Amino acid sequence: MRFKILRKDGFARNALIETKRGVIHTPAFMPVGTNGTVKAMTPEEIREIGYEIILSNTYHLYLRPGHETVKKLGGIHKFINWHGPILTDSGGFQIYSLASLRKITSQGVEFRSHIDGSLHFITPEKAIEIQLALGSDIMMVLDECVPYPAEKEYVEKSLKLTADWAKRSKDYFEKHRNDQAVFGIIQGGIYDELRQKAVEEIVKTGFDGYALGGLSVGEPKEDMYRVIKNIAPLMPEEKPRYLMGVGDLMDVLHAVEHGIDMFDCVIPTRNARNGTLFTSQGRISIKRSEFKEDNSPLDPDCDCYTCRNYTKAFLRHLYMCREILSMRLNTIHNLYFYCRFFEKMRQAIADGRFQDFKKEWMHVLEKNFS
Ligand SMILES: NCc1cc(CSc2ccccc2)c2nc(N)[nH]c(=O)c2c1
Ligand SMILES: [Zn+2]
């Protein structure tokens, strides 16, 4: 995997991530495809909207249908019919947020599947073995996502475990690597000095890219913003920086300003299914009665399939009937809105006017999206 910086505008930067399955223009948004699908979308629709990389969930695919099964069937790209780059998480976060009966030992994490209650034990090595079997292009090490709030002592202890696990994941990867990439994950809660130590430890092990984990886990925005501002610039400049699970567009603007390159979040897809749509006039809830006889397109400034062919009245009707088409048309629009936002942001960086872009959008997002 190669990372090439094309243009800088302050700490913000445009770059290319070159993988064997294609190029990713950053800053990039990565739609989440949990069970091998970005819910309600075909891979062709995701590609047509303009996305270059998608995320897939190791935890879910390991539990069902199983990573050996996916491998036997030809790997994840063939299985889900997406032939561009795929990034997979190690499963640590999903175990922490989804599974029950978790036990964390120095060896790894024991948990019961949220699907059938079966007992499982994942080690840092096993987490990489699973992702190698799936065949993802960018893999994440096994980490302990520290919950919020957490005492500083607990975070400090957890950091030692996460650094040890990162080393074990990397060593296993080096023994079995092919041309996949592996990213390290920086934890440390809301404590800047612990975050700095984590950067030193994880960078010492050496990875193809570095992620900021353990944020957007319920901490106050100002803590998240302070950690991003102080820590992102300490992460290796010549490697991709990935802010995990962050996608509120105001948070994206703040993170890009401080040098973050990659984002993922369920906001555009999950909100679409709940009828919350992002438009150039702000966020709207399509189920509101005001749209019952509104014959205008969802967003006059959007040229997505949904906005070119349907009215707010019809989209509201579909939502009230809980029609499958409602989920599809709403998801197409929200993903298109996010993709265009990132495209415009990359253009602003290329033109050296990221600060103007941020000001303009902060105004729009504060005015209508609060
Ligand atoms: N809430 C933020 C968040 C999200 C994810 C999940 S990102 C993701 C989700 C699905 C597929 C690929 C990546 C995380 N993953 C790990 N390993 N560690 C974290 O601290 C963390 C924090
Ligand atoms: Zn649209």
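When a ligand or atom number is given, it counts from 1 through the structure's own listing order. Just so we're clear, the structure is a prediction, and the values are computed from it rather than from any experiment.
- Paired with R346 under the rule side chain to side chain contact (heavy atoms under 4.5 Å, CB included), one option of V256, D351, T26, N14 passes, and it is N14.
- Classified by interplanar angle (parallel below 30°, tilted 30° to 60°, perpendicular above 60°), the ring pair H67/Y62 is tilted.
- Residue contact annotation: A211 has no non-hydrogen atom under 4.0 Å from ligand 1.
- Neither the backbone nor the side chain of M140 comes within contact range of ligand 1; no heavy atom lies under 4.0 Å.
- When heavy-atom distances to ligand 1 are checked against a 4.0 Å cut-off, D143 comes that close only through its side chain, counted from C-beta outward.
- At a heavy-atom cutoff of 4.0 Å, ligand 1 is contacted by the side chain of D264 but not by its backbone.
- Under a 4.0 Å criterion applied to the non-hydrogen atoms of L215, ligand 1 contributes the atoms 1 (N), 2 (C).
- At a 3.5 angstrom cut-off on N or O pairs, Q94 does not count as close to ligand 1.
- For F93, no nitrogen or oxygen atom sits less than 3.5 Å from a nitrogen or oxygen atom of ligand 1, counting backbone and side chain alike.
- With hydrogens and angles disregarded, a donor-acceptor distance shorter than 3.5 Å links the side chain of N271 to the backbone of I267.
- Of the residues listed (H77, K20, Q180), the one engaging D137 in a side-chain hydrogen bond (donor to acceptor under 3.5 Å, both in side chains) is H77, and it is the only one.
- The residue T58 has no part lying near ligand 1, judged by heavy-atom distances below 4.0 Å.
- Between the Zn ion (ligand 2) and the N, O or S atoms of H333, the shortest distance is to ND1.
- Counting heavy-atom neighbours within 6.0 Å of K287 NZ, excluding the residue itself, gives a total above 12.
- Only the side chain of L55 comes within 4.0 Å of ligand 1, counting heavy atoms alone; its backbone N, CA, C and O stay farther away.
- Residue Y148 does not touch ligand 1, judged by heavy-atom distances below 4.0 Å.
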